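Here the structure is a predicted model, which is why all the values come from computation and not from measurement.
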Amino acid sequence: MTNYFIKIAKSTDELKIIAKCRIKAFPNSFSSKLGLRYVQKMLSYYITGNNFLIYLENNGECLGFVTGMVPDGDFLCSTREAIDMTYKDILKELVFKPWLLFHPVIISNFYLVGELIRNKISGAAGSESNHTLPLETPPEILNSVGLIDIAVAPDHQKNGYGSLLLKSFEEQCNLIGKKRMHLSVKPENIAAIKAYKKNNWKILAQTDKQITFFKNDT
């Protein structure tokens with residue numbers, strides 16, 4: 001196993017090496033296709049406020065990372081907040097890369113494009129509805145920290161770094177006084193699901209598109 005340091009990202013310089021790691025881990029994702037500049041902007045959300053970004057560093061390289069979205073009040077964190085923060089950057093990149101309008105993520109969520117454009121025209125920074133609890137939100141994940149993104153660079157996988165990042169995420173949540181955690185994963189991501197179960201995360205809900213896990217360290 002490569003020597004590493006566990007760090008909490010604080011600067012834009014750190015975001016650059018973390019963004020490179022994310023693109024390597026998810027080369028075909030919509031955000032990766034938008035480019036390094038966009039991924040850095042997206043990740044910058046996690047070094048603001050109470051949110052956090054933990055990464056493994058070795059000789060200036062990011063081996064893997066995990067992001068935590070910390071709720072401000074009694075609501076459910078989601079990736080929509082990060083999208084709201086970067087919608088202008090998404091639109092800007094789409095102007096120069098219009099072929100990405102045909103990316104599967106855009107095609108399957110085309111309503112988001114219309115919403116982004118309406119926000120751009122109106123000058124809105126985001127929808128206040130993001131701070132409204134969905135109907136019938138499970139009590140297990142109320143006011144819980146959302147694990148939004150976790151990745152290990154391809155060259156460093158199968159070294160136990162995924163479990164290490166999960167443990168670091170849980171430790172940081174406890175450090176800031178948050179005992180409840182949740183995350184979502186696609187059903188076809190068998191390796192990730194196995195890792196979450198191994199680390200005592202429990203399935204809360206499951207559909208053909210998404211599995212929601214939670215953990216409560218109380």
*Side-chain contact, heavy-atom cut-off 4.5 Å: Leu166 with Val66?*
no

*Using a 4.5 Å cut-off on heavy atoms from C-beta on, say whether the side chain of Ile193 contacts that of Lys197.*
yes

*Specify the closest pair of heavy atoms between Ser32 and Pro27, including all atoms of both residues, with the distance to one decimal.*
CB-O, 3.8 Å

*Are Lys7 and Glu14 close enough for a salt bridge, meaning some N to O gap below 4.0 Å?*
no

*Calculate, to the nearest 0.5 Å, the distance between atoms CD1 and CG belonging to Ile23 and Asn28 respectively.*
12.0 Å

*Please check if the side chain of Ser168 supplies one atom and the backbone of Leu164 the other of a donor-acceptor pair under 3.5 Å.*
yes

*So how far is it from Met69 CE to Leu183 CG, rounded to the nearest 0.5 Å?*
13.0 Å

*side-chain contact (heavy atoms from CB on, under 4.5 Å) involving Asn189 - partner list, sequence neighbours excluded*: Val185, Ala191, Ala192

*Show your working on side chain to side chain contact (heavy atoms under 4.5 Å, CB included) between Val70 and Lys178 and close with a plain yes or no.*
CA-CA 8 Å; Val70 182; Lys178 296 291 186 181; 4.0 Å; yes

*So Asn200 and Lys215, side-chain hydrogen bond (donor to acceptor under 3.5 Å, both in side chains) or not? Walk me through it.*
CA-CA 7 Å; Asn200 299 315; Lys215 192 168 188 179; over 6 Å; no

*Output the distance between atom CG (Leu15) and atom CD (Gln40), rounded to the nearest 0.5 Å.*
6.5 Å

*Does Asn58 CG have over 12 foreign heavy atoms under 6.0 Å away?*
yes

*Taking every non-hydrogen atom, the tightest pair across His156 and Val152*: O-CG1, 3.4 Å

*Out of curiosity, Asn3 CG to Glu57 CD, how far, rounded to the nearest 0.5 Å?*
11.0 Å

_Could you go through Met42 and Val39, starting from their C-alpha distance and side-chain angles, then the distance that decides it, and tell me whether this counts as side chain to side chain contact (heavy atoms under 4.5 Å, CB included)?_
CA-CA 5 Å; Met42 180 181 70; Val39 176; 4.3 Å; yes

_I'd like to know whether Phe65 forms a side chain to side chain contact (heavy atoms under 4.5 Å, CB included) with Leu56, so could you lay out the CA-CA distance, the side-chain angles of the two residues, the decisive distance to 0.1 Å, and finally the verdict._
CA-CA 6 Å; Phe65 71 94; Leu56 307 179; over 6 Å; no

*Taking side chain as C-beta onward, heavy atoms only, is Lys179 less than 4.5 Å from Asn174?*
yes

_Distance check, rounded to the nearest 0.5 Å: Leu63 atom CG versus Glu61 atom CD?_
5.5 Å

*Hey, mind stepping through Leu165 and Ile6 against side chain to side chain contact (heavy atoms under 4.5 Å, CB included) and telling me if it holds?*
CA-CA 9 Å; Leu165 287 166; Ile6 302 174; over 6 Å; no

_Parallel, tilted or perpendicular, judged at 30° and 60°: which one describes the rings of Tyr4 and Tyr161?_
perpendicular

*Rounded to the nearest 0.5 Å, how far apart are OG1 of Thr12 and NZ of Lys16?*
10.0 Å

*Scan Phe214, Phe213, Trp201 and name whichever one has a side-chain contact (heavy atoms from CB on, under 4.5 Å) with Met181.*
Trp201

*asked:* Is there a continuous path of hydrophobic side-chain contacts, each under 4.5 Å between heavy atoms, that joins Leu34 to Phe26?
replied: no

*asked:* Going by salt bridge (Lys or Arg N to Asp or Glu O under 4.0 Å), name the pairs with one or both residues in residues 18-31, residues two or more places apart or in two chains.
replied: Arg22-Asp149

*Which pair of non-hydrogen atoms, one from Asn143 and one from Pro71, has the smallest distance, and what is that distance?*
OD1-CG, 3.3 Å

*Option from Tyr45, Phe169, Tyr46 for which ring pair (Phe, Tyr, Trp, His ring centres under 6.0 Å) with Phe52 holds*: Phe169

_side-chain contact (heavy atoms from CB on, under 4.5 Å), paired with Thr67, selected from Ile150, Leu53, Ile54_ = Leu53

*Under 3.5 Å, side chain of Asn199 to main-chain N/O of Ala195, donor-acceptor pair present?*
yes

*List the atom of Pro187, the atom of Asp208, and the distance in Å for their closest heavy-atom pair.*
CG-O, 3.6 Å

